[in-house]
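So the structure is just underneath, and the comments pick up after that.
Numbering starts at 1 and runs along the sequence shown.
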Amino acid sequence: MSVEVRLPNILRPFAGGEPAVTAEGGTLREVFDDLARQYPGLRPSLLTPDGDMHRHLNVFLNDDDVRYLGRLDAKVAQADTVTLMPAVAGG
């Protein structure tokens with residue numbers, strides 16, 4: 001199934017400057033794998049070398065944080081929106 005993936009400014013150059021792209025998958029892991037296939041430059045920002053979700057990336061499925069939905073095992077459905085946001089820290 002196809003989902004919309006919204007990209008932050010910092011990741012857009014890896015996707016031809018697009019603010020949003022589409023990817024296929026039934027889980028967030030499958031969506032990330034499809035994104036990395038289509039846009040190989042995104043892989044290091046999405047996944048660690050071990051295949052885990054990058055810790056400096058906040059990911060929302062529709063309006064819900066995927067950390068509470070099963071992380072990479074979160075189920076996605078047709079017409080869902082995945083929003084990627086860089087983690088921000090400061091003090």
Side-chain angles (χ1 to χ4, degrees):
M1 56 196 71
S2 182
V3 298
E4 178 184 37
V5 181
R6 296 181 182 162
L7 303 171
N9 286 336
I10 197 164
L11 296 181
R12 291 177 187 176
F14 300 110
E18 295 296 324
V21 295
T22 59
E24 301 288 323
T27 65
L28 185 60
R29 181 180 307 280
E30 291 172 357
V31 169
F32 275 16
D33 286 343
D34 191 44
L35 283 173
R37 180 189 59 76
Q38 293 181 68
Y39 310 102
L42 283 176
R43 180 176 286 283
S45 297
L46 302 175
L47 299 167
T48 66
D50 295 334
D52 292 327
M53 194 167 67
H54 200 286
R55 67 185 182 115
H56 296 295
L57 184 68
N58 292 319
V59 182
F60 296 89
L61 179 57
N62 300 315
D63 291 325
D64 298 314
D65 189 327
V66 299
R67 290 179 291 186
Y68 305 107
L69 300 174
R71 299 181 54 89
L72 288 172
D73 295 325
K75 302 288 185 205
V76 298
Q78 184 72 28
D80 277 350
T81 300
V82 174
T83 303
L84 307 178
M85 298 177 65
V88 178

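Without hydrogens or angle criteria, N62 side chain to T81 main chain gives a donor-acceptor distance under 3.5 Å. Side chain of E30 to main chain of V76: no donor-acceptor pair is present (N/O by atom type, distance under 3.5 Å, no hydrogens or angles). In this structure, D50 contributes its side chain and D52 its backbone to no donor-acceptor pair below 3.5 Å.
Taking 4.5 Å as the limit, some side-chain heavy atom of V59 sits within range of a side-chain heavy atom of M53. Considering only heavy atoms from C-beta on, L72 comes within 4.5 Å of L47 through its side chain.
Note: the hydrophobic cluster containing L84 also contains I10 (ILVMFWY, side chain heavy atoms under 4.5 Å, direct or indirect links). Both L69 and L57 are members of a single hydrophobic cluster when ILVMFWY side chains are connected at heavy-atom separations under 4.5 Å.
Heavy-atom minimum distance, A23 versus V5: CB-CG2, 4.2 Å. Among all heavy-atom pairs drawn from S2 and Q78, the shortest one is N-OE1, 3.2 Å. A36 and R43 make their closest contact through CB-NH2, 3.4 Å (heavy atoms, listed as atom of the first residue, atom of the second, distance). The two residues K75 and T27 make their nearest non-hydrogen contact at NZ-CG2, 4.0 Å. Counting all heavy atoms, side chain and backbone alike, A77 lies closest to V3 at O-CG1, 3.5 Å. Across N58 and P86, no two heavy atoms sit closer than the pair ND2-O, 4.1 Å.
Interatomic distance, L11 CG to L35 CG, rounded to the nearest 0.5 Å: 10.0 Å.
Identified under the ring-ring contact (aromatic ring centres under 6.0 Å, His included) test for residues 17-55, with sequence neighbours left out: H54-H56.
D80 meets the salt bridge (charged side-chain N to carboxylate O under 4.0 Å, His left out) test with no other residue; sequence neighbours excluded.
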